[in-house]
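Data first, discussion second: the structure below is written as structure tokens.
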There are 2 protein chains.
Amino acid sequence: MGRLHGMTRSRSWRSEEVARNDRALLRAAREVLAVDGAHASVAAIAARAGVGVGSLYRRYRTKQELFQRLCLIALREYLDAANEGLAMDDTWQGLMHYAMASIRSGPGSLAPAAGTFDVTDEMTELARRGDRAVAELVQRAHRAGVLRAGVTAVDLELLIEQLSKSPLQEQLQCQGRTELYDAALNARERIITIALDGLRAGPAGALPGQAPGYELFTMRWAPPEGETAE
Amino acid sequence: MGRLHGMTRSRSWRSEEVARNDRALLRAAREVLAVDGAHASVAAIAARAGVGVGSLYRRYRTKQELFQRLCLIALREYLDAANEGLAMDDTWQGLMHYAMASIRSGPGSLAPAAGTFDVTDEMTELARRGDRAVAELVQRAHRAGVLRAGVTAVDLELLIEQLSKSPLQEQLQCQGRTELYDAALNARERIITIALDGLRAGPAGALPGQAPGYELFTMRWAPPEGETAE
DNA sequence: TCAGTTGCGGAGTGATTCGCTCCGCACAAG
DNA sequence: CTTGTGCGGAGCGAATCACTCCGCAACTGA
């Protein structure tokens, strides 16, 4: 925001500045999407990235295209996190590594955008591989006896999604209270720690109801019929 | 939607139907607010309640007035839940009773509306009394040794807020997939159980960072300065 | 049977916000 | 100087917002 135009930059920004703008755009898009949900506007994204809407539309032909790229990146991070977790020796730490990483940059943040753009084959493939890795992560943890009895991969993924959004931080930054941002970050770490520790095997009782099926998780990425909804 | 007008109803609906509509309106308002956040529209609320916007505006002079009444009711339920929890003999069960009730009808759902309406003295008084009751609930649980070391009342309230929203159910009903609603409800119960069990005293390690202050919780109800935001 | 009354649904209204286009400008190279 | 390139943001038509208003159905007292 403001008038900074050219000014400081001087040498070959032929593609250097371009890449920086692209990263800022993607970061801003994820943040705004997490805050404003399905109603996130391109103007807000561009403003948060510190660029004009013109620059945004030069890189992405449409809002949907930006969200698609965002989703692809999130899915890649999701898959990487699961594989990294599987590579760890400590079973519990591996599970937690995946959970933490997935919460931080998870597809949960862009769930509100689900159904507003077409899902490419690459996305479904990435999601499939990720789910498979997570299922193995969960199975391994159960075999090691460190994961609470009855917890399924779907339980885990839904819990992660639940923890992905931060209502507190959303409102804080929506009101512009930057002075409390660090405190909110700290508070969120504690909450996540508490919630994830509920996954540990221990004296806690059985889970209520029966294990949820995968359809709860896959359903959302395919718009039902008749484009958007209702 | 639909033309059902009078039809089935016959006897003295002078005030019976009116009360039913009011309840439906409040219920719908809470649901839509939880789904659409700050951008919830009166049309959506009225439609979900099965009434016309005219009926909504005959009972509430403005959208803000509806949200105020909604907030007041939620705060009352919140206070009641805390007091009921205190009245229980079993300390842990008392805490869980409060948490469950607060999650289900919690002020967390209407957090996005915070700052969009004026806070009355009655609201602040109710919130103050509720917070006091919760603080006692937490203190009592700590004395009994059933609550995880280091957990503060603010931690608890923020965790409850985190669990108040259900991204899964939101999207489900936004897409009109009613056939999966029961499964989603069941899945949510499991997630809440897991997360709340992380509050139990046990072998889990210490919480990261330091205890968050109350300002994180009270800040939001007072618009900073300059009305809405930004 | 029939005016009179009451509460209802939803089309209409001006204001606002949306996704997106397009143009003037700052700067580097020739 | 002229030319070329990527930029910010004003501007545009469409969509959506909170809110008003009116015709109608259901019921009442006679």
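The sequence lines fix the lettering, A, B, ..., with proteins before strands; numbering per chain opens at 1. Hydrogens, waters and symmetry mates are skipped; everything else that's a heavy atom, side chains included, is used.
- Ion pairing between B:Glu136 and B:Arg129 fails under the 4.0 Å rule for side-chain N and carboxylate O.
- You'll find that the side chain of A:Val42 is closest to C:dC20, out of C:dC20, C:dC8, D:dT20.
- Side chain of A:Gln162 to main chain of B:Ser164: no donor-acceptor pair is present (N/O by atom type, distance under 3.5 Å, no hydrogens or angles).
- Residue B:Ser55 places at least one side-chain N or O under 4.0 Å from the OP1 or OP2 atom of C:dG9.
- The distance between atom CG of B:Leu25 and atom C1' of C:dG7, rounded to the nearest whole Å, is 14 Å.
- Between A:Tyr60 atom OH and D:dC7 atom P there is a gap of 13 Å when expressed in whole angstrom units.
- Atom P of nucleotide D:dC21 and atom CG of B:Leu56 are separated by 17 Å, given to the nearest angstrom.
- Within the nucleic acid shown, A:Arg61 has no heavy atom closer than 4.0 Å to any nucleic acid atom.
- In this entry the distance linking CD1 of B:Ile45 with C1' of D:dC19 reads 13 Å, nearest Å.
- Mapping A:Arg59 and B:Val53 onto DNA chain D by nearest heavy atom places A:Arg59 at the nucleotide closer to the 5' end.
- Salt-bridge annotation for A:Glu31 and A:Arg27: present, with a side-chain N of the basic residue lying under 4.0 Å from a carboxylate O of the acidic one.
- By the 4.0 Å N-to-carboxylate-O rule, A:Arg69 lies too far from A:Glu122 to be salt-bridged with it.
- Residue B:Ala49 is classed as having no contact, given no heavy-atom separation below 4.0 Å to the nucleic acid.
- Rounded to whole Å, atom C1' of C:dT13 lies 13 Å from atom OH of B:Tyr57.
- Contacts of B:Ala44 with the nucleic acid, taken as non-hydrogen atoms under 4.0 Å apart, are absent.
- A heavy atom lying under 4.0 Å from DNA chain C marks none of the residues of residues 62-73 of chain B.
- Distance B:His39 NE2 to C:dT16 C1': 13 Å, rounded to the nearest Å.
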(request) Before giving the answer on side chain to side chain donor-acceptor pair (under 3.5 Å), spell out for A:Asp155 and A:Thr152 the whole-Å C-alpha distance, their side-chain angles and the decisive distance to 0.1 Å. (result) CA-CA 5 Å; A:Asp155 285 322; A:Thr152 69; 3.2 Å; yes
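- Between A:Ser102 and A:Tyr78, the shortest heavy-atom distance links the atoms OG-CD1, 3.6 Å.
- Comparing A:Ala40 and A:Arg58 against DNA chain C, the residue whose closest nucleotide sits nearer the 5' end is A:Ala40.
- No donor-acceptor pair under 3.5 Å is formed between the side chain of B:Glu161 and the backbone N or O of A:Ser166.
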